[in-house]
Colleague: 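Before anything else, here's the structure in question.
Predicted, not measured: the structure shown is a model, and the values here were computed from it. Computed from heavy atoms alone, side chains included, the values below leave out hydrogens, waters and symmetry copies.
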Amino acid sequence: MDGRRGRPGTEAKMNVRRRRRTLLAGLATAALLVSGTGAAAAADSPAPAPTGDGARALCKRVPKIDRRIERALKRLEAGADVRGSVARLRQRVDNAKKAGHGEIATYLQHRLDVRTSLVPTLQQRQKDLAGVRSWCAAHGNGKAAG
């Protein structure tokens with residue numbers, strides 16, 4: 001008898017259980033380490049190279065891209081009463097300067113500079129997209145491309 005419960009062999013069973021728990025905990029830790037390094041190795045491996053240029057997907061999205069560019073240009077070129085327009089932001093810069101809020105005026109001026117530079121960029125994208133649209137029409141919406 002082992003003195004705990006008065007049954008013979010209880011101490012041996014406790015040792016087996018303890019060893020089993022230790023073994024399972026060790027195996028679980030090893031599995032976590034192996035899966036963690038496997039995920040890290042997978043994250044470090046380079047992505048496969050693209051097989052095509054994505055012409056089919058781009059041809060499919062041309063109408064949506066065109067609407068999006070037109071909507072953005074319309075907003076940017078609108079008057080001071082339209083949120084997001086260059087004119088409205090220019091008015092806010094002027095108001096901040098008149099009120100003597102130098103830091104606010106500087107911040108808004110930098111935003112105005114960026115927003116103003118968007119207009120020629122979007123206009124160039126619109127021209128480029130017109131070329132893509134004609135290419136897609138001539139090539140079966142990119143189905144012939146790889």
Colleague: Does any N or O in the side chain of Thr121 come within less than 3.5 Å of the main-chain N or O of Ser117, such that one atom is a donor and the other an acceptor?
Modeller: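 Answer holds: yes.
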Colleague: Rounded to the nearest 0.5 Å, how far does CD of Gln124 lie from NZ of Lys127?
Modeller: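 Interatomic distance, Lys127 NZ to Gln124 CD, rounded to 0.5 Å: 5.5 Å.
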Colleague: Give the minimum heavy-atom separation between Gly79 and Ser85, together with the two atoms involved.
Modeller: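 Closest approach of Gly79 to Ser85, heavy atoms only: O-OG, 2.8 Å.
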Colleague: Tell me, please, which residues at least two apart from Glu77 pass side chain to side chain donor-acceptor pair (under 3.5 Å).
Modeller: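 So Glu77 forms a side chain to side chain donor-acceptor pair (under 3.5 Å) with Gln123.
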Colleague: Would you please name every residue forming a salt bridge (Lys or Arg N to Asp or Glu O under 4.0 Å) with Asp66, sequence neighbours left out?
Modeller: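 Only Arg133 meet the salt bridge (Lys or Arg N to Asp or Glu O under 4.0 Å) criterion with Asp66.
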Colleague: Nearest 0.5 Å, please: how far is OG1 in Thr106 from NZ in Lys97?
Modeller: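 Between Lys97 NZ and Thr106 OG1, I get 8.0 Å after rounding to 0.5 Å.
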Colleague: Kindly give the heavy-atom pair with the smallest separation between Cys59 and Asn141, and that separation in Å.
Modeller: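 Looking at all heavy atoms of both residues, the shortest contact is CB-O, 3.5 Å.
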Colleague: Do Ile65 and Leu58 touch side chain to side chain, with heavy atoms closer than 4.5 Å?
Modeller: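 Of all side-chain heavy-atom pairs linking Leu58 with Ile65, at least one is under 4.5 Å.
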Colleague: With the 4.5 Å side-chain cut-off for hydrophobic clustering, are Leu89 and Val119 part of the same group?
Modeller: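 Hydrophobic grouping puts Leu89 with Val119.
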Colleague: I need the Asp94 CG to Gln109 CD distance, nearest 0.5 Å.
Modeller: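 Reported to 0.5 Å precision, the distance equals 8.5 Å.
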Colleague: Under the criterion side-chain contact (heavy atoms from CB on, under 4.5 Å), I'd like the reasoning laid out for Arg90 against Leu112: C-alpha separation, chi angles, the key distance, then a yes or no.
Modeller: CA-CA 7 Å; Arg90 187 171 290 125; Leu112 178 62; 4.2 Å; yes
Colleague: When rounded to the nearest 0.5 angstrom, what is the spacing between CZ in Arg115 and CZ in Arg88?
Modeller: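 It is 9.5 Å, given to the nearest 0.5 Å.
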Colleague: Measuring from atom CZ of Arg68 to atom NZ of Lys64, what distance do you get when rounded to the nearest 0.5 angstrom?
Modeller: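 Answer rounded to 0.5 Å: 10.5 Å.
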Colleague: Same cluster or not: are Leu108 and Val82 linked, directly or through other Ile, Leu, Val, Met, Phe, Trp or Tyr residues, by side-chain heavy atoms under 4.5 angstrom apart?
Modeller: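 No: no chain of side-chain contacts under 4.5 Å links Leu108 to Val82.
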Colleague: Would you give the length of the straight line joining atom CG of Leu129 to atom CG of Leu122, rounded to the nearest 0.5 angstrom?
Modeller: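 With rounding to 0.5 Å, CG (Leu129) is 11.5 Å from CG (Leu122).
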Colleague: Which atom pair, heavy atoms only, marks the closest approach of Leu76 to Gly84?
Modeller: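 That would be CD2-O, 3.6 Å.
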Colleague: Mind listing the closest non-hydrogen atom pair of Ala87 and Ala78 along with its distance?
Modeller: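 Distance-wise, the nearest heavy atoms are CB-O, 3.7 Å.
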